[in-house]
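To keep things clear, I will list the structure first and then write my remarks on it.
Order of the sequence lines sets the chain letters (A, B, ...), proteins ahead of strands, with each chain counted from 1.
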Amino acid sequence: MALQAIDARRLSQMLVFVAGEIARREAELNALDAAAGDGDHGITMRIGFEAIRERLGQLDPATPVDAILRESGNAFLGGTGGAIGVVMGKMLMAGGKALQGVQEIRAPEFLLLLNSWETSVSATGKVKPGDRTILDAIHGAASALTASDATKKDLDVVVDLSAAAAQEAARSTADMLCRVGRASRLGTRVLGHPDPGATSFAIMLRAMHDWITSPTALDTQL
Amino acid sequence: MALQAIDARRLSQMLVFVAGEIARREAELNALDAAAGDGDHGITMRIGFEAIRERLGQLDPATPVDAILRESGNAFLGGTGGAIGVVMGKMLMAGGKALQGVQEIRAPEFLLLLNSWETSVSATGKVKPGDRTILDAIHGAASALTASDATKKDLDVVVDLSAAAAQEAARSTADMLCRVGRASRLGTRVLGHPDPGATSFAIMLRAMHDWITSPTALDTQL
Amino acid sequence: MKKLINDPRKVAAEALEGLALAYPQYLRLVPNAQAVVRKDAPVAGKVGVLSGGGSGHEPMFAGFVGAGMADGSVAGNIFASPPPQPIVTAAKAIHGGAGVLFLYGNYSGDVLNFDMAAEMLEEEGIRTSTVRITDDVASAPPERHEERRGIAGDFFVIKVAGACAAREGSLAEVTAAAEEANRHTRSMGVALSSCIIPASGTPIFDLAEGDMEVGMGLHGEPGVERARLKSANEVAEELVRRILEDMPELANGDAAILVNGLGATPLAELFIVFRAAHAMLVRHGVTIRHSYVGNYATSLEMAGCSISLLRLNERLKPWLAAPAQTPALVQI
Amino acid sequence: MKKLINDPRKVAAEALEGLALAYPQYLRLVPNAQAVVRKDAPVAGKVGVLSGGGSGHEPMFAGFVGAGMADGSVAGNIFASPPPQPIVTAAKAIHGGAGVLFLYGNYSGDVLNFDMAAEMLEEEGIRTSTVRITDDVASAPPERHEERRGIAGDFFVIKVAGACAAREGSLAEVTAAAEEANRHTRSMGVALSSCIIPASGTPIFDLAEGDMEVGMGLHGEPGVERARLKSANEVAEELVRRILEDMPELANGDAAILVNGLGATPLAELFIVFRAAHAMLVRHGVTIRHSYVGNYATSLEMAGCSISLLRLNERLKPWLAAPAQTPALVQI
Ligand SMILES: Nc1ncnc2c1ncn2[C@@H]1O[C@H](COP(=O)(O)OP(=O)(O)O)[C@@H](O)[C@H]1O
Ligand SMILES: Nc1ncnc2c1ncn2[C@@H]1O[C@H](COP(=O)(O)OP(=O)(O)O)[C@@H](O)[C@H]1O
Ligand SMILES: [Mg+2]
Ligand SMILES: [Mg+2]
Ligand SMILES: [Mg+2]
Ligand SMILES: [Mg+2]
């Protein structure tokens, strides 16, 4: 049965599950990045999530939701490097700030989280939707929830919806020209491949949904 | 019909034909050298014979046999480099000295030539038969003629005999350990591949025979 | 993948350790920072010049740390900018009281991480300024030159900034010198084969036999054009031509040139490219005052080269000619 | 075959021209000789140090011509010794009246050509002496050490001879210095992939994915053993172990080390190898006085590296530490 609330302990477990999914998709993300960038996005994401996993292992079991997010962001930022290190790191930390004092993540908190991520990434990376970055997937996910009056739905439904929207948005970056980052001179040569950062984000949301819908099977991973 | 005497003009033409044969076998000689040396023997031989060809083109048409050999040796020595540059260059020059005043090369002069080459290469390279060098092929050719009372035979028969013996001797270097040159540390790893220099020499003699037996068809090459 | 490494994840760290062990006369490791600083850092009263970026471009950046060039360099993992914290740590290690100049190639990741480090340093009262190197002609059109990437031209900018700092320039002066060098530097490269990132183990792009990629970036970012591989003379002329188009004022002036190997191209080929570039520059009236040929900013074992040209004016000349003592450049 | 060249037959000549155009502050071309000499050659009263051999090993040999190292260098075609005449021409161009020392790797072709040149010079009244470099441990057992090949250890021998000549050593003294350096130098290499000779266009050997050739020569001559590629630490330790076995007196003494890239191996990997070699030498009580890491004696675009160790005594120390100004080594 799907979880309807993610408390601090569950949040840690979920992040560890997401880390595993990212690691599993490493080669695919590298290949996407190779098409227009420097072929390392999978490596960098894996390293970043390893840093999260390690940090989570060191935390006091009583660490609350917001602190877990802040610590995860801090670990990602400190251990990764690259564009995505700062973008993801600050994004996760912004999520912690947005959920300050929250005990459990339900549908409304999940929407809060996504909105804080969108604001953070846009500000950190100085990007807007359509610039062919991770922001496109975040924006797609957040917009889908806002449009569907998400706060009244179950958590698993909401996460599913956002994951589907993120994936669709990531896919649509394949038709976007690149304005920032390594690939910005490529012009039309970049077309046809989705943005690696956007793809990562879609993978993360889908992994969260998978975990929420069968959490116990994965309890052992931490 | 086979030639029975090589005068100065014919000698030039024959050397040009040999140059062509060596160039045609370049890749094969490189590959043999690659097995135990540095893979350049075909290149070096081609360059050396190109230097001969160029020099021959500059010579006075009245240049006698011995001078043609000396000039060829000098051109090979000056234009080539590598071990084979000195060995072949001095060898050809020694041939010129041995045939001093000779107007035509017939069977006896051909034997003289081979003997002078053997002496020269042995002295220049400080090698003996069995050391796995070009000397093995020269020694094989010279010995076959000495053993068969060559001076009484026709030139084409003698050259054929020597070419066959050189080829046999070259083949047998595949079973020899290498004492000198680039491959001397290899020990048994060199076995199974004939020595490139010895193979070159066998190719040269075979080309001479081919030319002697149908010289006119090739007159245009110079 | 055939590499002389121990652990794909430790390549950057172990390489930097090796560098520091090999050249203690010039530099030392910074504890906990994947960074090196000149052995006598911090030099009191001197502006600290801090370079850095992803690893995999050796000897760039750490190989140019020492007297007369950078005071320190922070190394990220392969092709990944270092995170902010080690940048902060290295900046502190070279801070002699006169501020720190950040010098790095203009990549999204480097910008984000160095900017964040600058904020953190500011909070601790350490003044920084930043010059982002943008020499790669292939990476944006002239009207958007400030978006261009930094490639081998980093070398000239670090050289000039290092010399200006060594002559007791203030932070503003050293920053202006670096900006001036960057403004006068153009590079253009060509790749013949891909490198392999150790941690991924696969080539990051394919180039058919007989093809080359004109304008490919230092990390295999696609360039402006994929074309049939031409002769060294034609390639060199094409690269110089594109630079001259971009910086026409180069003609009939003084210049420094760097013919840079990307990693797997034999030095003999770089000299052949240099020979052709030299001839073409002479035809355009350019007087070459300094030549550098070799592997300065590589892309692991990528095959290919780049040409960088620095147009020299009277201000830049003495800085470029100034002495330097680093692992990858000793100049008297 | 992807190469930045114009004509496979002109690689050696055009590369040398490029070198001379790039570094006129150190050297100049010799007309009609495919050779370079230091720009102020001949230096009156000084022994001339002449190095040389086949091309394809850049920067060796021509890159080490300049004050404090070789006075001149003659370049053959790729992997082929130069013929006698250009050796004679170059020797005359550096002859300052005190004789000329020939320094080259011990290969059949070089021996034959340089010996013949020496005879020709003798006829013209120019005194020469010869030291054949034999540092490659893999190329003959200790009891036949004089048959060994010369590889990257050439660098140490040229450095020492050049320094001794710069300090006004006589021909006998410079020869003795070179002999002493050669006697104290050992190298051992490993290849990971083949180079391609431009004029043949094909690899000269195959190495299966995951294999390496221990002891392979600078021209792809097979080595002592084909083995599975190991970690950088294991490879470095294996190379150092074989050198220590061959020169046990190295332990607990002073040494100089060169970790040399064969052409296509990234500098980062050479630093990782250096790091491991350093650790092993320290364990054996060796004090490293000078370290050099980079492409010094290459084999076109071969992948792999070699380690060279020079055991330093009190005579060799000042020569190795002496200044040098050449394209490939500037030492203060
Ligand atoms: N300025 C930026 N703002 C937001 N996201 C960015 C920015 N620059 C790059 N990205 C994201 O980072 C991804 C690349 O990440 P990665 O390959 O890990 O870093 P790098 O580009 O430094 O190699 C891109 O696909 C894009 O989604
Ligand atoms: N000392 C020597 N005496 C006679 N022949 C030699 C000697 N050294 C080498 N050779 C011959 O030269 C051949 C190799 O020639 P080549 O490849 O052109 O020169 P290099 O060995 O300089 O690359 C060998 O196969 C051998 O026959
Ligand atoms: Mg990337
Ligand atoms: Mg050979
Ligand atoms: Mg990257
Ligand atoms: Mg050869």
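The part of C/Ile197 that comes within reach of chain A is its side chain, from C-beta onward, which places non-hydrogen atoms under 4.5 angstrom from that chain. Looking at C/Ile78, only its backbone comes within 4.5 Å of chain A, counting heavy atoms on both sides.
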Atom pairs and distances, donor-acceptor, side-chain atoms in residues 200-212 of chain C, under 3.5 Å, two or more places apart:
unit_1, atom_1, unit_2, atom_2, d
C/Ser200, OG, C/Thr202, N, 3.4
C/Glu209, OE2, D/Met1, N, 2.6
C/Asp211, OD1, C/Arg228, NH1, 3.1

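Looking at A/Thr124 and C/Leu112, their side chains come closer than 4.5 Å, going by heavy atoms from C-beta outward.
Residue-environment remark: NZ (C/Lys10) stays at or below the threshold of 12 foreign heavy atoms within 6.0 Å. Heavy atoms from other residues, nucleotides or ligands lying under 6.0 Å from CD of C/Glu122 number 12 at most. No more than 12 heavy-atom neighbours from other residues, nucleotides or ligands sit within 6.0 angstrom of CG on C/Asn32.
Of the inter-residue distances, the one linking A/Ile84 atom CD1 with C/Ser81 atom OG reads 12.5 Å to the nearest 0.5 angstrom. The structure places CZ of C/Phe79 at 7.0 Å from CG of A/Asp38, a figure rounded to the nearest 0.5 Å.
Taking 4.5 Å as the heavy-atom cut-off, the residues of residues 88-96 of chain A that approach chain C are A/Lys90, ordered by number. Taking 4.5 Å as the heavy-atom cut-off, the residues of residues 21-30 of chain A that approach chain C are A/Glu26, A/Asn30, ordered by number.
Each of A/Thr80, A/Thr44, A/Ile43, A/Ile47 was checked for a side-chain contact (heavy atoms from CB on, under 4.5 Å) with C/Asn77, and the lone residue meeting it is A/Ile47.
When the side chain to side chain contact (heavy atoms under 4.5 Å, CB included) test is applied to C/Ala303, the partners found at least two apart in sequence or on another chain are C/Leu192, C/Ser193, C/Ala264, C/Thr265.
Pairing each heavy atom of C/Pro222 with each of A/Ala36, the nearest pair is CD-O, 3.5 Å.
Considering only heavy-atom pairs separated by less than 4.5 Å from chain C, the leading option among A/Ala31, A/Ala83, A/Gly85 is A/Ala83. Between chain A and the residues C/Pro8, C/Ala199, C/Gly53, C/Gly54, the most heavy-atom pairs under 4.5 angstrom are made by C/Ala199. Options C/Arg9, C/Met116, C/Gln85 differ in how many heavy-atom pairs under 4.5 Å they form with chain A, and the most are formed by C/Arg9.
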